[in-house]
Amino acid sequence: MEIFIHLYQYIFSNTCFPVLEKAIEVGSAFEGWSPRKEDVTYRLILPLKPPRGHIFHLEPGPVWPMRNFRIRVESVCTCEMEQPAGETRCFLHDPEQEHGRNACFSILDDLCTASYLDVQKTARYFQMFVRRSWRALHLAAIHRLTVLPSDRSCKFCVTQRRGKRIFIELLFGVQEGDSDIFVSSQYTEAAYTPSTMWPETYAVAEMKFFSYIARKAHPDTCYLRCLQLCVRCLLGRDFSTYTLKTVMMHVLTAMPLSTWHRRYSWEWLNDILHYLQRCLHEKRLNHFFIGNENVPEEIILPLELRVAEPFNLFQHLTQNPYASEHAKLEFEELRSRVHRMLLDGR
């Protein structure tokens, strides 16, 4: 990915294209608990900064169920600002700069809808950039790149000479202040997500949390193996991977890390399942990063998330008795699968 980013920065520096920062590794493949060894998707968030002469405004949108934002792009005067080497002109007030901008790419004209950064337009542009720039790289001689369909990210598959495939997904994100929380191009849980809607993502904070735990834990701990096994047993069930990941983060901050020894794997799996069962009984599983005093200090959260009331991920169970009973049946099947997998030695 660094090759693509360096190439992008070289070609589009000091233009009206969004500025790319270093890609951030996120998700199970980098956190160490991917449920499948084959066809793993490596996900990265590409932080976007506004180009020179522009600013991003994050405007809160509807909550369904998590927070969503729109990113308003605004042109600003740079006459009084310190300019990059060789640049002394302002896009707003210099006729030559304005004419040059109108004649080529403009973030407002090409990547926005009604002045709001458009996820789908951004994704299509980066897909085109990856496809075209790949041909100029020496890797193209030994690997084959296939851009995969996606309207809110840039997905592609790199096939190596011996046939091994590597799946990569690039999500675009804008940082909330100096925190570890971003708004991103990922899908929401709603049936339809407008192209100018950017849902809040906690993926960077989650990656930072698991890195923090890895530094504190003994090398012979079993928490990643326990999470991997539970998630593998979810395949085909209605429980989401994020539910189990949230349970694991709560359990990791509630119990001493010194007790997560590999020889106690059975006991810890039972504790994880017991925690989930209790949450189902109470119809409450709090989001880990919203209103949680146990989040490690190393993880930087926006003030509104730190002081917010805890957010119940199981709120729907309180409103739908059928969903609650179905979730309990799903839990019994999950627990049975975990125990069978342990007995089989997998």
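Excluded from the calculations below are hydrogen atoms, water molecules and symmetry mates; all remaining heavy atoms, backbone and side chain alike, are included. Throughout, residue positions are numbered sequentially from 1 according to the sequence presented.
- When side chains are defined from C-beta on, R70 does not count as touching W198, because their heavy atoms never get closer than 4.5 Å.
- Side-chain contact check for Q228 and Y223: no donor-acceptor pair (N or O, by modelled atom type) lies under 3.5 Å.
- A salt bridge links E333 and R340; the closest N-O separation between the charged side-chain nitrogens and carboxylate oxygens is under 4.0 Å.
- A salt bridge does not link K208 with E298: every distance from a Lys NZ or Arg NE/NH1/NH2 to an Asp or Glu carboxylate oxygen is 4.0 Å or more.
- Between P51 and V19, the closest heavy-atom pair is CA-CG2, 4.0 Å.
- S153 and E169 share a side-chain donor-acceptor pair at under 3.5 Å.
- Ring geometry for H287 against F311 counts as perpendicular: the plane angle is over 60°, on a 0 to 90° scale with 30° as the lower cut.
- Between N286 and H250 the shortest heavy-atom distance is O-NE2, 2.7 Å.
- Taking the six-membered ring for Trp and thresholds of 30 and 60 degrees, F209 and F288 have ring planes more than 60 degrees apart, a perpendicular arrangement.
- In the hydrophobic cluster analysis, where Ile, Leu, Val, Met, Phe, Trp and Tyr join through side-chain heavy atoms closer than 4.5 angstrom, I71 is grouped together with F17.
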Please test F172 against F126 for ring-ring contact (aromatic ring centres under 6.0 Å, His included), starting from the C-alpha separation and ending with a verdict.
CA-CA 10 Å; F172 313 106; F126 276 97; 4.8 Å; yes
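- Taking each heavy atom of E31 and L224 in turn, the nearest pair found is O-CD2, 3.6 Å.
- Put simply, OG on S115 and CZ on R72 are 8.0 Å apart, with the number rounded to the nearest 0.5 Å.
- The CZ atom of R278 sits 10.5 Å away from the CG atom of L285 when rounded to the nearest 0.5 Å.
- The environment of NZ in K216 is sparse: at most 12 heavy-atom neighbours from other residues, nucleotides or ligands sit within 6.0 Å.
- N68 contributes no side-chain N or O that, together with a main-chain N or O of G61, makes up a donor-acceptor pair within less than 3.5 Å.
- In this structure, H316 places its NE2 atom where more than 12 heavy-atom neighbours from other residues, nucleotides or ligands lie under 6.0 Å away.
- Side chain of S336 to main chain of E332: no donor-acceptor pair is present (N/O by atom type, distance under 3.5 Å, no hydrogens or angles).
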Where do D151 and Y187 land on the side-chain hydrogen bond (donor to acceptor under 3.5 Å, both in side chains) test, with the steps shown first?
CA-CA 10 Å; D151 58 1; Y187 286 95; 2.3 Å; yes
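- Enclosure of atom CD in E309 is not indicated, since only 12 or fewer non-hydrogen atoms of other residues, nucleotides or ligands lie within 6.0 angstrom.
- For the residue pair K121/S195, the side-chain donor-acceptor check at 3.5 Å is not satisfied.
- Annotation: side chain of L301 is not in contact with side chain of I290 (no heavy-atom distance under 4.5 Å).
- A cation-pi arrangement, defined by a distance under 6.0 Å to the six-membered ring centre and an angle within 45 degrees of its axis, is absent between R215 and Y212.
- For the atom pair CD1 (I168) and CZ (R43), the distance works out to 12.0 Å, reported to the nearest 0.5 Å.
- Aromatic ring orientation, Y202 versus F289: parallel (interplanar angle below 30°, classes split at 30° and 60°).
- Each of C226, S34, P35 was evaluated against V231; a single residue qualifies, P35, per the side chain to side chain contact (heavy atoms under 4.5 Å, CB included) test.
- No salt bridge links E293 with R306; every basic N to acidic carboxylate O contact stays at or beyond 4.0 Å.
- Residues F210 and K245 meet the side-chain proximity criterion, which asks for heavy atoms closer than 4.5 Å.
- Checking side-chain atoms of S211 against main-chain N and O of M207 turns up a donor-acceptor pair under 3.5 Å.
- Ring to ring, H339 and W266 are close: their centroids are under 6.0 angstrom apart.
- For CZ of R144, the number of neighbouring non-hydrogen atoms (other residues, nucleotides, ligands) closer than 6.0 Å is 12 at most.
- Side chains of T246 and Y242 form a contact here, defined as non-hydrogen atoms less than 4.5 Å apart.
- No donor-acceptor pair under 3.5 Å is formed between the side chain of T243 and the backbone N or O of F239.
- Note on L171: it does not cluster hydrophobically with L48, by side-chain heavy-atom contacts below 4.5 Å among ILVMFWY residues.
- Under the 4.5 Å side-chain heavy-atom criterion for ILVMFWY residues, a single connected hydrophobic cluster contains both I166 and L170.
- Salt-bridge formation is detected for the pair E176/R67: a Lys NZ or Arg NE/NH1/NH2 atom is positioned less than 4.0 Å from an Asp or Glu carboxylate oxygen.
- Smallest separation of non-hydrogen atoms from T318 and N312: CG2-ND2, 4.4 Å.
- The side-chain heavy atoms of L257 and T221, taken from C-beta on, include no pair separated by under 4.5 Å.
- When side chains are defined from C-beta on, E200 counts as touching F69, because their heavy atoms get closer than 4.5 Å.
- Side-chain N/O atoms of D118 and Y125 include no donor and acceptor closer than 3.5 Å.
- Transitive grouping of hydrophobic side chains (ILVMFWY, heavy atoms separated by less than 4.5 Å) keeps V174 and Y116 in distinct clusters.
- C233 is not listed as a side-chain neighbour of R335, based on a closest heavy-atom distance of 4.5 Å or more.
- Checked by atom type, the side-chain pair E74/H57 shows a donor-acceptor distance below 3.5 Å.
- Summarising the local packing, OH of Y264 is surrounded by 12 or fewer heavy atoms from other residues, nucleotides or ligands at distances under 6.0 Å.
- At least one donor-acceptor pair closer than 3.5 Å links the side chain of S185 to the backbone N or O of R152.
- With rounding to the nearest 0.5 angstrom, the CD1 atom of I213 is 10.0 Å from the CE atom of M248.
- Hydrophobic clustering (ILVMFWY, side-chain heavy atoms < 4.5 Å, transitive): L108 and F56 are in one cluster.
- Put simply, OG1 on T122 and CG on L46 are 11.5 Å apart, with the number rounded to the nearest 0.5 Å.
- Taking the six-membered ring for Trp, F167 and Y42 have ring centres at least 6.0 Å apart.
- Using cut-offs of 30° and 60° for the angle between ring planes, the Y322 and H326 rings count as parallel.
- Here NE2 of H143 is found 11.5 Å from SG of C157. Values are rounded to the nearest 0.5 Å.
- Between the side chain of Q127 and the main chain of F156, no donor-acceptor pair closer than 3.5 Å is present.
- Between L145 and V158, the shortest heavy-atom distance links the atoms CD1-CG2, 4.3 Å.
- Summarising the geometry of C222 relative to S265, their closest heavy-atom pair is CB-OG, 3.5 Å, with the distance given to 0.1 Å.
- Judged by distance alone, with hydrogens and angles left aside, the side-chain atoms of T259 form no donor-acceptor pair with the main-chain N or O of M255 at under 3.5 Å.
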